[in-house]
Each structure stands twice: as structure tokens, then as C-alpha cells.
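A short worksheet on the structure shown next.
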Amino acid sequence: MVKVIASSVRKGNVLDVDGKLYVVLTAQNFHPGKGTPVTQVDMRRISDGVKVSERYRTTEQVERAFVEDRPHTFLYEDGEGFHFMNPESYDQLVMTAEDIGDQKAYLQEGMVCTLSIHEGLAIAIELPRHVTLEITETEPVTKGQTASSSYKPAMLSNGVRTLVPPHITAGTRVIIATEDGSYVERAKD
């Protein structure tokens, strides 16, 4: 176990709280005008999937569990779960839909992800920052709309809704941020 200050905790980290392992879903630092800065951490207990929310003073020490972060290639999804392969040893690991959460919409065959492995089990996943997807449907361009501030809703090829600039049409390939599903830019391919 490694002790770290609460303000350095990030999404995907694994913490040891009272002997139980938790994967961090979100971590936000709050600095109020008066009072002590705090870090709000939303976590999921790995053993049973229970979600917990904790607040720590930003300088408070928390125990980060020793996990091995390794690149793995996503192979496929079946009834058993999501299958990943270690490109060096060719060992395969399976993660459940609950373990992956809402990030499963961005998984693509052949995508290299970072898996956090603890005692031979994959307990957390980190996707690449950006993914390229195609727009399947969107509203037509409205004349007179200014491109600077207005965005229109669009459906991506993975079934996720996002907002895109007015000049983007159906069939256009775009780059999306996997963290929040937001539009980054038009794909250059």
C-alpha cells in the first residue's frame, strides 16, 4: 500500500479503505472561500459493486492499493463479459459490464486500453482519451446560425448522443472525448 494525499486521487485509481478495495469513479477538489479545501471522491467497492461517496481534506493521507497497470487489447464482448488480451504474454482477462460501466459504449475491437490488475483480476479500465466515431444522424443546418456558440444534437455510431457544431452532417467521422462523450474535432481521415 502507498499513502498519497487525497488531492492527487484520480478517476480509475484503486484505494484501500478499511481493508476493502474501491475503484475511483470521480474525484473533485473543492476550494471554498472560507474553510478547508476538500476532495470529494465517488467510489465503487470492487467486491460487491456498492457505490460510496467520501470527503477528505485535500492534505489528508489515503491508501492507494498496489495495482499493476498494463496495456491490453480489447478483443470482443460476449455473454461472459468483455475480453482483453495482454499483447506481450497473450493472456486473456474478462471484465464484466458493471466493471467497465458507461465506458463500454466507446470500446472498439483492437483498441488498446490500460487495465488495472490486482491479484490476477482486472478491476479497473482506462480508455484512450479520444476515439473516432461516425455521426449516424443529426439535424440539418439552419441558415443564420452562428458557428461560434451553437451546437446541435447528434447520434454517434455507438448509440451515444452528443452535441456537434452546425457544419457537421450525418456520415462525418468525428473525434470524441471518452471521459465525457463531448465533441473534440472533425476526424482528419
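This structure is a prediction, so every number in the text was calculated from the model and none was measured.
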Can you tell me how far CZ of R129 sits from CD of E126, rounded to the nearest 0.5 angstrom? 9.5 Å
Does atom CD (Q92) have a neighbourhood of more than 12 heavy atoms from anything else shown, all under 6.0 Å? yes
Out of R55, Q28, E54, which one pairs with Q40 under the side-chain hydrogen bond (donor to acceptor under 3.5 Å, both in side chains) rule? R55
Answer whether the closest heavy-atom distance between the side chains of T169 and I135 falls below 4.5 Å. no
Spell out, yes or no, whether V52 and V9 are grouped together once hydrophobic residues are joined by side-chain heavy atoms under 4.5 Å, including indirect joins. yes
Any donor-acceptor pair under 3.5 Å linking the side chain of N158 with the backbone of A105? yes
Grouping I, L, V, M, F, W and Y whenever their side-chain heavy atoms are under 4.5 Å apart, do F84 and Y90 come out in a common cluster? no
Quick one: CD on Q103 to CD on E179, what's the gap to the nearest 0.5 Å? 9.0 Å
Should H72 and I117 count as side-chain neighbours, where that means a heavy-atom distance under 4.5 Å? yes
When the ring planes of Y76 and H83 are compared, do they come out parallel, tilted or perpendicular, using 30° and 60° as the limits? parallel
Do L107 and C113 come close enough that some side-chain heavy atom pair is under 4.5 Å? yes
Taking the side chain as every heavy atom from C-beta outward, state whether T138 and T172 have any atom pair closer than 4.5 Å. no
Whether the side chain of T162 engages the backbone of G181 through a donor-acceptor N/O pair (distance < 3.5 Å, no angle test) should be reported. yes
The reported gap from OG1 in T136 to CG in L156 (rounded to nearest 0.5 angstrom) is 7.0 Å
Are I176 and Y151 linked, directly or through intermediate hydrophobic residues, by side-chain heavy-atom contacts shorter than 4.5 Å (ILVMFWY only)? yes
Residues E109 and L75: closest non-hydrogen pair is CG-O, 3.1 Å
Can you measure from CE (M85) to OG1 (T73) and round to the nearest 0.5 angstrom? 5.0 Å
For residues M95 and I123, report the shortest heavy-atom separation together with the two atoms involved. CE-C, 4.2 Å
Working to the nearest 0.5 angstrom, can you tell me the gap between I125 CD1 and I100 CD1? 4.5 Å
Residue pair E77 / K104, side-chain heavy-atom distance below 4.5 Å: no
Tell me whether V164 is reachable from M155 by hopping between hydrophobic residues (I, L, V, M, F, W, Y) whose side-chain heavy atoms are closer than 4.5 Å. no
Over 12 non-hydrogen atoms of neighbours within 6.0 angstrom of CG in D102: no
Spell out, as yes or no, whether a donor-acceptor pair under 3.5 Å connects the side chain of K152 to the backbone of I168. yes
V112 and P128: which non-hydrogen atoms are nearest, and at how many Å? O-CG, 3.4 Å
Look at atom CZ of R57 and say whether more than 12 heavy atoms of other residues, nucleotides or ligands are closer to it than 6.0 Å. no
Step by step, work out the side chain to side chain contact (heavy atoms under 4.5 Å, CB included) result for Q108 and T132. CA-CA 10 Å; Q108 298 172 343; T132 304; 5.8 Å; no
Heavy-atom side-chain proximity of T58 to I5 below 4.5 angstrom: no
side-chain hydrogen bond (donor to acceptor under 3.5 Å, both in side chains) involving T39 - partner list, sequence neighbours excluded: N29
Any idea which heavy atoms bring P32 and P37 closest together, and the distance? CD-CA, 3.9 Å
Identify the heavy atoms of P153 and E139 that sit nearest to each other, and give their distance. CG-OE2, 3.5 Å
ring-ring contact (aromatic ring centres under 6.0 Å, His included) pairs, two or more places apart, involving residues 7-54: none
Shared hydrophobic cluster, L127 / Y183 (ILVMFWY, side-chain heavy atoms < 4.5 Å): yes
Under 3.5 Å, side chain of S116 to main-chain N/O of D69, donor-acceptor pair present? no
Heavy-atom pair of closest approach, residues V62 and A6: CG2-CA, 4.3 Å
To the nearest 0.5 Å, how far apart are CG in L25 and NZ in K11? 8.0 Å
